Amino acid sequence: MYLKFKDEVLSVLSNAVAKAGFEAEDMALNEISEIIYANIKIPPDSFIEKAVTAGPYINFFVSRSFLNETVLRVLLERENFGNLDNRGKVILEHTSANPDGPLHIGHIRNSVIGDTLARVLTRAGYDVETQYYINDMGRQIAVVVWGLENFKFDVSKKKDHAIAEVYINANKNLVDEKEHSPEVDAIMKKYETGDPETNKKFKDAIDTAMEGIKESLRRINIHHDKFTWESQFVRGGDVNKMMERIKKLDRAMIKDGALMVDLNDVGIQKSLVIQRSDGTSLYTTRDLSYHEWKAKQCDRMIDILGADHKLISSQLKAMLRILGLKEPEIVIFEFVSLPEGSMSTRRGVFISADELLDEVEKAAYEVVAKKLPEKDEDFKRKVAAFVSIGAVRYDIIRISPEKATTFNWKEAVDFEKQGAPFIQYSHARACSIIRKAQEDGIAFEVFDPNVLLEEQEIALIKKLSGFENAIDIASRDLKPNILAIYARELADAFNQFYRYVPVLDAEPEFRAARLALVDCSRIVLANALDTLGITAPESM
RNA sequence: GGGCUCGUGGCUUAGCUUGGAUAUAGCGCCGGGCUUCUAACCCGGAUGUCGAGGGUUCGAAUCCCUCCGGGCCCGCCA
């Protein structure tokens, strides 16, 4: 029963003092520790009950009043427990996959990281707006538009998948018969000039693909507040203004008719092309305008980007800094590859998010049917749905974004590991106890938290108290996996309590306090799951 | 070739920013636990040169250097 102050002021202080003291006076760490210890004065009624020396360490123990306060606060704050008081508007951009096919398992790593961070930041107090940036001016969309005129659009398929089929066919054809390439160039040029007929074709193609993409996102509890089209910055003149502005910089240069900037002095060897020799803009130029536009509307900008954007995003940041504009905070996640190599929509080599969800849901259904054979069909389907979505989201978010992963079907459909279902199950257990208590008319509004003295009870309360800290760290460092780990540890603590401490069969005074603790667990498990975008079921 | 990044038991992984107590947890493996609130659970055990080597330090998984291995990037593409 001890609280580690590793991350807290006290231990940092004692450690620092100990180190400084050692260097200055050549004393042993243990002696320093003793001196500090001798001078510790704990005020009565504080959240620290006592301090104990252990060699070079000083351990502080939490007090009863801290534990009691935690329980009472959770019951008082309910679904708001864990909310922090940060302020400000955040625009968080995530997913932003090109609308040339369905989301694949690499894209949803972006989506899940982005959506979880949006939820974490919201809980941390920020006003969060999520955006999907639609790259409608790239060549790949022109290929889709050209493809729609030359290949069959399979109406029997989900729309984004049908678009992908057209896109793949078009690419194959463009490689085989090079003479069609100018047709695509012509489409691109027409779109850039704003030809109404071409505009409509692009809008139809993109809307079609986006309809399917949004459907997939909705399935995993993800929604975007705003969809921003890249072309609006070209049409609105922002991109031209940006190019004119950059032209005036000392570091700007014209090489073979193209406008470039030198970024050597900021550690980037590659010079950045801002404007093509034909006067048109590039992706990065439009991205500069997009960020300038976003910056005006918020206090913090956060972009979730794949590892292939590392160079381009550092160029973007450097450029914004040079222009005196606000820079985004960028969360880079590494690639999800297939055992046979990296994925490519263009080549048709990918596993779609839909396919993954279908397979995982199928596997989940089999597990449910085996574990709960007496339940009706509707129940089994519902459970399979939220368990599979939870499992997919949890499996993605538990891994640090900077870790590259290789997709594995066997692991993807494995429910035996301690993932989301484990946490959901713990929540359902807690709900079950509360439900039974209500059915039996057992009240627990009045209770004495001082009777919660069992080792498992104290461990559980301490774990409950850590939720705010988890939100704080996850939101500050933009590390959503912190929360995934916390949720699992909380479920772990609850299950140990559940196993060792009887609730409904306990003596009335213990029963009331323990029911309150179960209620606390239920609340915080639900809050943690909600922040992870995972359903907290009342039964499963 | 240059830049960035990752390397922790058989597998997956936490910790690394800010050096400190027996290196976190899961899967798998071995053994135990359902007449008791949902066993998708709980308990115990085995398994580690923290990629390698050097350096800094009283002390290194953590900081610095070199090397090895994997990934990503290096286009008037996005």
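First the proteins, then the strands, lettered A, B, ... as listed; each starts at 1. Just so it is clear, the model here is predicted, and its values are computed rather than measured.
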Quick one: do the A/T95 and A/S111 side chains pair a donor with an acceptor below 3.5 Å?
yes

Quick check for you: among B/C41, B/C6, B/U12, whose closest atom lies nearest to any side-chain atom of A/R398?
B/U12

Check every strand shown and say whether A/M540 touches a base, only sugar-phosphate, or nothing at a heavy-atom separation below 4.0 Å.
base

Among B/C74, B/A40, B/G71, find the nucleotide with the atom closest to the side chain of A/L311.
B/C74

The side chain of A/S432 lies closest to which of these nucleotides: B/C37, B/A40, B/A14?
B/C37

Counting only side-chain N and O atoms of A/Q269, is one of them less than 4.0 Å from OP1 or OP2 of B/C74?
no

The side chain of A/Y283 lies closest to which of these nucleotides: B/A78, B/U8, B/G15?
B/A78

Using the P atom on both, measure B/C37 against B/G32 and round to a whole Å.
23 Å

Base, sugar-phosphate, or nothing for A/E538, non-hydrogen atoms under 4.0 angstrom?
base

Quote, to the nearest angstrom, the C1' distance that separates B/G15 from B/A23.
8 Å

Taking only side-chain N and O atoms of A/K410, does any of them lie within less than 4.0 angstrom of OP1 or OP2 on B/C11?
no

Assign A/A258 to base, sugar-phosphate, or nothing according to its heavy-atom contacts below 4.0 angstrom with the strands shown.
base

Rounded distance in Å between the P positions of B/C50 and B/A61:
7 Å

Within the pair A/K310 and B/C73, is there a side-chain N or O less than 4.0 Å away from OP1 or OP2?
no

Integer-rounded Å distance: B/G71 P and A/F333 CZ
18 Å

The side chain of A/R499 is closest to which nucleotide in this list: B/G15, B/C76, B/C42?
B/C42

Does the side chain of A/Y498 get closer than 4.0 angstrom to OP1 or OP2 of B/A39 through an N or O atom?
yes

Determine the contact category for A/N98: base if any of its heavy atoms lies under 4.0 Å from a base atom, sugar-phosphate if only primed atoms, P, OP1 or OP2 are that close, otherwise nothing.
sugar-phosphate

With the side chain of A/K436 defined as its heavy atoms from C-beta on, choose the nearest nucleotide among B/A14, B/C37, B/C72.
B/C37

Just call it for A/V143: base, sugar-phosphate, or nothing, with non-hydrogen atoms closer than 4.0 Å on any strand.
nothing

Does A/R276 place a side-chain N or O at less than 4.0 Å from the phosphate oxygens OP1/OP2 of B/C77?
yes

To the nearest Å, give me how far apart CZ (A/F415) and P (B/A39) are.
20 Å

For the C1' atoms, the ones on B/C63 and on B/G59, what distance do you get once it is rounded to whole angstrom?
13 Å

Identified pairing partner of B/A52, criterion: Watson-Crick or G-U wobble below 3.5 Å
B/U66

Modelled atom types, side-chain donor and acceptor of A/H291 and A/D303, under 3.5 Å
yes

I'd like the C1' distance from B/U24 over to B/G48, given in whole Å.
13 Å

On the six-membered ring of A/Y191, is A/R235 placed so that its NZ or CZ lies under 6.0 angstrom from the centre and within 45° of the ring axis?
yes

On the six-membered ring of A/F379, is A/K375 placed so that its NZ or CZ lies under 6.0 angstrom from the centre and within 45° of the ring axis?
yes

Using the C1' atom as the reference point in each nucleotide, state the distance between B/G3 and B/C41 in Å, no decimals.
49 Å

Specify the closest pair of heavy atoms between A/V387 and A/A364, including all atoms of both residues, with the distance to one decimal.
CG1-CB, 4.2 Å

Between A/R429 and A/Y498, is NZ or CZ placed under 6.0 angstrom from the six-membered ring centre and within 45° of the ring axis?
yes

Could you tell me whether A/V518 contacts a base, only the sugar-phosphate backbone, or nothing, with contacts defined as non-hydrogen atoms closer than 4.0 Å?
nothing

Assess A/K294 against A/Y290: is NZ or CZ under 6.0 Å from the centre of the six-membered ring, and within 45 degrees of the ring's axis?
yes

Under 4.0 Å between any heavy atoms, over every strand shown, what does A/V336 touch: base, sugar-phosphate, or nothing? Just pick one.
nothing

Between B/U17 atom C1' and A/E402 atom CD, what is the distance in whole Å?
12 Å

Just by distance, no angles: are the side chains of A/H427 and A/Q424 close enough, under 3.5 Å, to form a donor-acceptor pair?
no

Go nucleotide by nucleotide along RNA chain B from the 5' end; which of A/K403 and A/G419 gets its closest nucleotide reached first?
A/K403

Under 4.0 Å between any heavy atoms, over every strand shown, what does A/V273 touch: base, sugar-phosphate, or nothing? Just pick one.
sugar-phosphate

If the cut-off is 4.0 Å, is A/K270 near the phosphate of B/G75, judged by side-chain N/O to OP1 or OP2?
yes

In whole Å, what separates the C1' atom of B/A78 from that of B/C72?
16 Å

Provide, to the nearest angstrom, the distance between the OH atom belonging to A/Y486 and the C1' atom belonging to B/A25.
16 Å

Please give the nucleotide sitting opposite B/C4 as a Watson-Crick or G-U wobble pair, both distances under 3.5 Å, or none.
B/G71

Which of these passes side chain to side chain contact (heavy atoms under 4.5 Å, CB included) with A/V518: A/I433, A/L504, A/V501, A/I523?
A/I433

Once you apply a heavy-atom cut-off of 4.0 Å, does A/I312 come out as touching a base, just sugar-phosphate, or nothing?
base

To the side chain of A/A404, which of B/G71, B/C42, B/C76 is closest?
B/G71

Side chains of A/S426 and A/N495: donor-acceptor distance under 3.5 Å anywhere?
yes

To the nearest angstrom, the CZ-C1' distance between A/F422 and B/U13 comes to 16 Å

Side chain of A/Y500 (C-beta onward), nearest among B/A78, B/G71, B/C42
B/C42

Is A/Y425 close enough to B/A40 that one of its side-chain N or O atoms is under 4.0 Å from OP1 or OP2 there?
yes

From CZ of A/F407 over to P of B/U12, roughly how many Å is that when rounded to an integer?
15 Å

Of the candidate nucleotides B/C74, B/A78, B/G71, which contains the atom at the shortest distance from the side chain of A/L282?
B/A78

Distance below 4.0 Å between A/S539 side-chain N/O and B/U38 OP1 or OP2:
no

Can you tell me if the side-chain N/O atoms of A/R286 get under 4.0 Å from OP1 or OP2 in B/A78?
yes

If you pin A/G267 and A/L372 to their nearest nucleotides in RNA chain B, which one's is more 5'?
A/G267

Using atom CD of A/E454 as one end and atom P of B/C37 as the other, report the distance to the nearest whole Å.
19 Å

Rounded to whole Å, please give me the gap between CZ in A/F444 and P in B/C37.
19 Å

In whole Å, measure the gap between the C1' atoms of B/U5 and B/G10 for me.
26 Å

If you compare every side-chain N and O of A/R429 against the phosphate oxygens of B/A39 (OP1, OP2), does one of them come in below 4.0 Å?
yes

